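Taking it in order: structure first as structure tokens, then the write-up.
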Number of protein chains: 2
Amino acid sequence: MSQDLLSPPARKGDRTAARIRDAALELFSRLGFERVMMGEIAAAAGVSQATLHYHFQDKSQLWRAAMLQLRAVVAEEERLLEAATDASALTQLRMAMRLFLAISWKHPALGRIVALEGMAGGERLDWLDAHLIGPRNRRLAQLAQAAIDAGDLKPFPAAQLVITLQAAGAGLINLTPMMRATFGIDTAAPDVREAHERMILDALLGGFLTHPN
Amino acid sequence: MSQDLLSPPARKGDRTAARIRDAALELFSRLGFERVMMGEIAAAAGVSQATLHYHFQDKSQLWRAAMLQLRAVVAEEERLLEAATDASALTQLRMAMRLFLAISWKHPALGRIVALEGMAGGERLDWLDAHLIGPRNRRLAQLAQAAIDAGDLKPFPAAQLVITLQAAGAGLINLTPMMRATFGIDTAAPDVREAHERMILDALLGGFLTHPN
DNA sequence: GATATTTCTGATTTCTAAGTCAGGAAATCC
DNA sequence: GGATTTCCTGACTTAGAAATCAGAAATATC
């Protein structure tokens with residue numbers, strides 16, 4: 001989350017701003033933009049509410065700053081995929097799904113934000129589409145299309161296929177509070193996580209293969 | 001949505017209350033509780049804001065009333081499943097998934113509400129769990145477990161399996177605004193819907209089968 | 001270690017949305 | 001068709017959260 005673990009952040013204000021961003025990201029992603037009050041963020045970051053306005057113009061700007069944190073996460077995924085462009089489309093897609101799951105566990109904020117804003121539409125979704133999720137998803141859809149063209153995947157519409165796989169992958173993680181309420185299951189438990197991984201990568205992705213191993 | 005198409009609703013107030021409930025359900029499910037303003041609901045229902053308070057005590061009560069609309073939908077699903085308790089667990093589960101998809105297209109509010117509140121937790125989730133989604137999901141998990149015990153499904157944790165299938169099934173529908181923003185796809189189009197149906201029922205559910213046909 | 005700059009805060013203002021209420025209009029009843 | 005109840009509304013109050021600001025505290029600079 002912090003931008004650089006090595007350099008002892010130049011100015012004090014930068015560290016405070018980072019704490020605020022982190023707290024904001026956690027809250028915004030769990031609850032959505034309007035459920036979160038500036039006072040909560042301030043409390044979580046251990047500063048006064050006025051300090052939020054010292055570092056960030058207003059609530060919207062703080063939200064954007066928090067989202068930009070997530071871009072680094074996505075960029076890392078890009079980088080890893082980039083290193084494997086000579087593998088088959090199916091292999092790349094499978095790797096992308098594996099990365100997606102790893103990221104979803106490590107940064108559940110991403111999936112929750114997409115779910116929240118992707119359902120609601122509006123200017124925040126437009127911003128996210130432009131800066132965070134649009135390019136990434138279009139790229140994945142291209143990969144899926146290539147895998148279909150190669151005869152490796154069943155010929156479903158590529159965009160739908162990718163989004164559905166992601167929805168399945170992030171669902172359990174996003175719905176952690178519901179899993180607790182309904183089943184008393186703690187999704188953070190290692191066995192839950194391990195079963196989920198197999199479920200998505202083997203069973204679900206396997207269902208799309210034209211010739212399963 | 002309206003409670004009874006035959007009887008010309010006894011009192012005028014009942015019809016107005018129903019219009020308000022419908023408008024509230026649509027807005028709450030798309031945007032979540034706090035993103036929706038009472039004024040919006042009033043405008044959508046074509047009444048003044050004060051009228052909302054004449055029919056419903058406050059915003060929370062209106063939300064609950066809107067959610068109770070959904071219970072009728074779930075009850076109908078129950079009824080259909082009830083009529084088939086002598087079929088194999090797998091057959092029942094497949095039927096349940098088919099119903100789930102049909103309902104999700106017809107009443108997208110249900111899936112969106114579950115996603116919104118299931119992510120956030122809190123008192124509204126507790127209410128939903130008790131009145132709407134808990135019993136249903138536990139029942140489906142039992143079905144899945146039975147299908148696993150019968151050797152028809154791969155032995156994944158039943159609760160996770162059910163929730164993941166639902167997440168996959170509702171994902172595309174919930175994310176309609178995102179599909180438009182990122183891919184320009186209108187999920188209401190018949191071909192999108194048809195492909196989705198096959199994707200979930202054949203490919204994804206197929207991936208869980210121990211001996212696919 | 002005195003000065004200048006940055007960072008932070010309590011108190012206050014502004015804004016927005018929920019909720020109330022008295023009274024007028026419409027429906028219902030006889 | 002007049003009386004009575006139900007229904008609805010415009011104008012208002014209240015509550016709460018965002019945003020501002022003057023100045024105090026901390027930090028950096030020399």
Side-chain angles (χ1 to χ4, degrees), chain A residues 2-4 7-67 116 120 122-124 127, chain B residues 2-4 7-67 116 120 122-124 127:
Chain A
S2 54
Q3 69 281 37
D4 190 349
S7 64
R11 305 195 145 277
K12 183 191 178 194
D14 295 344
R15 270 176 294 142
T16 308
R19 279 217 318 287
I20 293 172
R21 259 202 318 270
D22 290 348
L25 176 55
E26 171 59 21
L27 285 164
F28 280 141
S29 76
R30 195 137 43 82
L31 303 171
F33 184 78
E34 26 284 279
R35 270 179 209 206
V36 177
M37 292 174 301
M38 295 295 269
E40 285 182 88
I41 300 174
V47 296
S48 83
Q49 195 171 337
T51 302
L52 268 53
H53 289 281
Y54 173 75
H55 289 283
F56 305 93
Q57 199 185 350
D58 58 21
K59 194 177 174 186
S60 291
Q61 292 302 316
L62 176 52
W63 184 86
R64 291 190 181 193
M67 293 310 116
L116 278 168
E123 65 176 19
R124 277 192 297 279
W127 190 92
Chain B
S2 54
Q3 69 280 37
D4 190 348
S7 64
R11 307 196 143 276
K12 183 190 180 195
D14 295 343
R15 269 176 294 143
T16 308
R19 276 216 320 285
I20 293 173
R21 258 202 318 271
D22 290 348
L25 177 55
E26 171 59 20
L27 284 165
F28 279 140
S29 76
R30 196 137 43 84
L31 303 171
F33 185 77
E34 26 284 279
R35 265 177 213 207
V36 177
M37 291 174 301
M38 295 294 270
E40 286 182 86
I41 300 175
V47 296
S48 82
Q49 195 170 338
T51 302
L52 268 53
H53 289 282
Y54 173 75
H55 289 283
F56 304 94
Q57 200 184 350
D58 58 21
K59 194 177 174 185
S60 291
Q61 293 302 315
L62 175 52
W63 184 86
R64 291 193 181 191
M67 293 310 116
L116 278 167
E123 64 176 19
R124 276 191 297 278
W127 191 91

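Each chain gets a letter, A, B and so on, in the order the sequences are listed, and its residues count up from 1. Computed from a predicted structure; not experimentally measured.
Heavy-atom distances under 4.0 Å link DNA chain C to A50(A), T51(A), Y54(A), H55(A) of residues 50-58 of chain A, given in residue order.
Contact record, G46(A) with R19(A): O-NH2, 4.2 Å, taken as the closest heavy-atom pair. Across all their heavy atoms, M38(A) and D58(A) have their closest contact at CE-C, 4.5 Å.
Regarding D14(B), its CG atom lies at a distance of 13 Å from the C1' atom of dT28(C), rounded to whole Å. Atom-to-atom, CG of L27(A) to P of dA17(D) comes out at 14 Å; the value is rounded to the nearest Å. Distance M37(A) CE to dT16(C) P: 18 Å, rounded to the nearest Å. Rounded to an integer number of Å, the gap from CE of M38(A) to P of dT13(C) is 20 Å. Rounded to whole Å, atom C1' of dT28(C) lies 12 Å from atom NZ of K12(B). The distance between atom CD of Q49(A) and atom P of dT14(C), rounded to the nearest whole Å, is 17 Å. Protein atom CD1 of I20(A) is 12 Å distant from nucleotide atom C1' of dT9(C), rounded to whole Å. The CH2 atom of W63(B) sits 16 Å away from the P atom of dA18(C) (whole-angstrom rounding).
Residues F56(A) and W63(A) form no side-chain contact, since every pair of their non-hydrogen atoms from C-beta on lies 4.5 Å or further apart. Between I41(A) and F28(A) the shortest side-chain heavy-atom distance falls below 4.5 Å.
Note that R35(B) lies outside the cation-pi zone of F33(A), set by a 6.0 Å cut-off to the ring centre and a 45° limit from the axis.
Dashed line: the shortest gap from a side-chain N or O of R15(A) to OP1 or OP2 of dT27(D) is not under 4.0 Å. OP1 or OP2 of dT7(C) has not a single side-chain nitrogen or oxygen of T16(A) nearer than 4.0 Å. For the OP1/OP2 pair of dA18(D) and a distance below 4.0 Å, the side-chain nitrogens and oxygens of K59(A) include at least one atom meeting the criterion.
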For this session: Kindly determine whether L62(A) and H55(A) satisfy side-chain contact (heavy atoms from CB on, under 4.5 Å), including the steps that lead there.
Result: CA-CA 9 Å; L62(A) 176 52; H55(A) 289 283; over 6 Å; no

Exercise. Checking salt bridge (Lys or Arg N to Asp or Glu O under 4.0 Å) for the pair E34(A)/K59(A): CA distance, chi angles, key distance, verdict?
Worked result: CA-CA 10 Å; E34(A) 26 284 279; K59(A) 194 177 174 186; over 6 Å; no

